[in-house]
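Atoms considered below: every heavy atom in the structure, side chains included; atoms not considered: hydrogens, waters and symmetry mates. Worth saying up front: this structure is predicted, and the values here are computed from it rather than measured.
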Amino acid sequence: MRCSVLRMSTLFLRTLREDPSDAEVASHRLLVRAGYIRRAAPGGFTWLPLGWITFRNVERIVREEMDREGFQEVHFPALLPREPYEATGRWSDYGDNLFRLKDRRGADMLLAPTHEEMFTLVVKDLYSSYKDLPLTIYQIQNKFRDEARPRAGLLRGREFTMKDSYSFDIDDAGLDVSYAKHRVAYQRTFDRLGLPYVIVSAMSGAMGGSKSEEFLAPMAIGEDTYVRCTACDYSANTEAVQVAPPSPVAFDGLPAAQVVDTPDTPTIQTLVDLFNARADLRRADRDWTAADTLKNLVVKLKYPDGTIVPLAIGVPGDREVDMKRLEAQVAPAEIEPFSEADFAANPHLAKGYIGPGSLGEDKAAGIRFVVDPRIVDGTAWITGADSPGKHVVHLVAGRDFTADGTIEAAEVHAGDPCPRCSNDLEMARGIEIGHIFQLGRKYAEALGLTVLDENGKTRVVTMGSYGIGVSRAVAAIAELNCDDKGLIWPAEVAPADVHIVATGKATDQQLPAAEILAAECEAAGLRVLFDDRVGVSPGVKFNDAELVGVPTIVVVGRGLADGVVEVKDRRTGERADVPLADVVARLKG
RNA sequence: CGGGGUGUAGCGCAGCUUGGUUAGCGCGCCACGUUCGGGACGUGGAGGCCGGAAGUUCAAAUCUUCUCACCCCGACCA
């Protein structure tokens, strides 16, 4: 606890009258303008006194909520040797995002982007019995990621502070408990930070089947798109949305498949227009739409070991393939486009007219064919006939073709049915402020973390990892708590409880009266920011106070002659004249 | 990594098209005086390798090439 009044006359602070030209988003703009941070390096920021106090408040809250769950704080180096990361494959898997360097002897080192390996190894180093588990340890530390594009100030930097914790359990049931404890701790943490959040299920990606949820703070400038139901509480990352498949339809009475000459139909729209324009193809009940077509896209999957495998994806023609969703499904493989040369090498594929007739592992081209879950048995489609200038209509899934499987890769649209309650979904944006993750045994297996169970048998430990972006949280709070005048901190993270402004000239009564008030507030346990500057005009002080964003502003000014000061709520703008003697009691209440 | 934009004093900007003494303006900063409840005023100051490098030229902030950095949109992002 700080035990002296922060004085504006000596505080290492310079507020800016104008917005910095290189800052776009509100949090970045205001944190720089109000003198909380300065850019020091590409993707790196210096914390100035007000900013550092605020940062430490956030850090303290995170720490208190971790400690409350009985998690124990440790601290690792950020500068680490290559070997542990080599053992788990992440030295190369992390790609360009990893800061790699060499020491004077030429040994490979890295600046840690996250610490799964080191936590796993330290537990391996010290523990070897099931009796030692469960265990959760955490640290609050700077992480390094060589982001392709740092942006938005503190929201995405190359060096940032993260609270990362890791749980160690003997079995899956234990992991579920550790995971649930973190989930609750995170909810409490973000509540205290004054950060609204939604919890969305996220993709487990390469880990396969493990549970993972992200805490997103909803905001327009967020980088993550997620969907939420307009009726129930379902929400999910777009990558993780599970489409509710329609029920299969009976084949009875469906017309037979028919190949049609369709010249000059390079797009889905021209194809639909042609079908609607021709009397012999027109539907009796309604017009054809893009949703009646089946669009087939071929891509190449490149696996980390270098193998390249083609994959065909079929989606309804009214949707594009969402590359992010596709990538999440095929991780750790990367997606590469199917090039002209690939088409040339594969004569079974008619570019632009690819259909189920040529796709599938059992076909001549031998390409695995997976389709959107909406393509259930009994649905009929207009799709490529595998011959230039020809499409086929009434091609029925389950009757005329069978895919090798389904895949969640089609775009999600606003208005799509919620998989839980089938009401409309809507799209929203948010910034990831926390992520909880059931890792399973990947790291324990790779690094040999085992313990003996009660039967003396060796068991691989199962792990979870859990992160909160501490520096990002400061920015997220700022982003969601500001107005056109400046920042408006929630009480617990604010750099002070009260901002006392003394107006008048040096020889007036206001300054000594404010000085006494500041001392009284401090004695009452309030954290005080005191604008004791002389020769600074009142307008400047008022504007600075609003910019800095301490929750309560007390003006010791012209009302002093009547024995009152003005107490102003920064958030609501409400102001009241309060007798000097009652101020401390009012602020404490 | 693609597309777009911007680099001139601590901050915000003008000047560049059409090259020409000593590079300007506002804010901030320093000194003195006045002022003192919504970013006061006067007078006098300090502060610049015009992002960097190479070139063209008698002469470059200005033209050319290369490079670096920052911002935005995409790609990427435990």
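- A straight line from CG of A:Leu326 to P of B:rC76 spans 11 Å, rounded to a whole angstrom.
- The only member of A:Phe215, A:Tyr466, A:Phe71, A:Tyr197 that meets ring-ring contact (aromatic ring centres under 6.0 Å, His included) when paired with A:Tyr186 is A:Phe215.
- In this entry the distance linking CZ of A:Arg472 with P of B:rC77 reads 14 Å, nearest Å.
- In this model, the phosphate group of B:rC13 is approached by a side-chain N or O of A:Ser21 to a distance below 4.0 Å at OP1 or OP2.
- Residue A:Thr503 places its side chain closer to B:rG37 than to any other of B:rG37, B:rC77, B:rG38.
- Distances from the side chain of A:Arg575 to the nucleotides B:rC72, B:rG37, B:rC11 place B:rG37 closest.
- Taking atom NE2 on A:His28 and atom P on B:rC72, their separation rounds to 8 Å, with Å as the unit.
- Following rounding to the nearest Å, A:Leu155 (CG) and B:rC77 (P) show an atom-to-atom distance of 19 Å.
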Close N/O contacts between protein and nucleotides 4-7 of chain B (under 3.5 Å):
none

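- Shown here for A:Ile61 and A:Thr189, the closest heavy-atom pair between the two residues is CG2-O, 4.2 Å.
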*Before giving the answer on side chain to side chain contact (heavy atoms under 4.5 Å, CB included), spell out for A:Val241 and A:Arg325 the whole-Å C-alpha distance, their side-chain angles and the decisive distance to 0.1 Å.*
CA-CA 9 Å; A:Val241 172; A:Arg325 300 195 74 208; 3.8 Å; yes

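- Between the NZ atom of A:Lys485 and the P atom of B:rG38 there is a distance of 14 Å, given to the nearest Å.
- Between A:Phe99 atom CZ and B:rC77 atom P there is a gap of 17 Å when expressed in whole angstrom units.
- With both ends at atom C1', the span from B:rG10 to B:rG3 equals 33 Å, rounded to whole Å.
- Under a 4.0 Å N-O distance rule, the pair A:Glu65/A:Lys163 does not qualify as a salt bridge.
- A ring-centre distance under 6.0 Å is found for A:Phe76 and A:Phe119.
- For A:Arg39, the listed nucleotide lying nearest its side chain is B:rA69; candidates were B:rC29, B:rA69, B:rC36.
- A gap of 15 Å separates the C1' atoms of B:rG15 and B:rG26, to the nearest Å.
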*Can you list the steps and then say if A:Arg533 with A:Ser9 is a side chain to side chain donor-acceptor pair (under 3.5 Å)?*
CA-CA 5 Å; A:Arg533 293 175 293 180; A:Ser9 60; over 6 Å; no

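- The line from CD of A:Glu86 to CG of A:Asp108 is 8.5 Å long, rounded to the nearest 0.5 Å.
- Interface remark: the A:Asp544 side chain does form a donor-acceptor pair with the B:rG39 base, using a distance-only criterion of under 3.5 Å.
- If you find the closest nucleotide of RNA chain B to A:Ser465 and to A:Leu560, the one lying nearer the 5' end belongs to A:Leu560.
- Rounded to whole Å, the distance from CE on A:Met162 to C1' on B:rC77 is 13 Å.
- Within a 6.0 Å sphere centred on CZ of A:Arg429, heavy atoms belonging to other residues, nucleotides or ligands number more than 12.
- Centroid-to-centroid, the aromatic rings of A:Tyr36 and A:Trp489 come within less than 6.0 Å.
- Checking A:Ser165, A:Ser465, A:Ser167 one by one against A:His182, the side chain to side chain donor-acceptor pair (under 3.5 Å) holds for a single residue, A:Ser165.
- Under a 4.0 Å N-O distance rule, the pair A:Arg570/A:Asp483 qualifies as a salt bridge.
- Listed nucleotides B:rG38, B:rC77, B:rC13 differ in distance to A:Asn97; the shortest reach to its side chain belongs to B:rC77.
- Rounded to an integer number of Å, the gap from NZ of A:Lys505 to C1' of B:rG37 is 13 Å.
- The shortest side-chain heavy-atom distance between A:Ile137 and A:Val122 falls under the 4.5 Å cut-off.
- For A:Lys300, the NZ atom counts as densely surrounded, since its 6.0 Å shell holds more than 12 non-hydrogen atoms of other residues, nucleotides or ligands.
- For RNA chain B, if you chain together Watson-Crick or G-U pairs that step i with j, i+1 with j-1 and so on, the runs of at least three with distances under 3.5 Å are B:1-7 with B:68-74, B:10-13 with B:24-27, B:29-34 with B:40-45, B:51-55 with B:63-67.
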*What string of B, S and - do you get for nucleotides 40-46 of chain B 5' to 3' if you count protein non-hydrogen atoms under 4.0 Å?*
S------

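- Of the listed nucleotides (B:rC77, B:rG12, B:rC70), B:rC77 has the atom at the smallest distance from the side chain of A:Arg156.
- For B:rG39, the base has no donor-acceptor partner in the side chain of A:Arg533 [N/O atoms by modelled type, under 3.5 angstrom].
- Contact of A:Gln510 with B:rG37 (side chain to base): no donor-acceptor pair of N or O atoms is detected under 3.5 Å.
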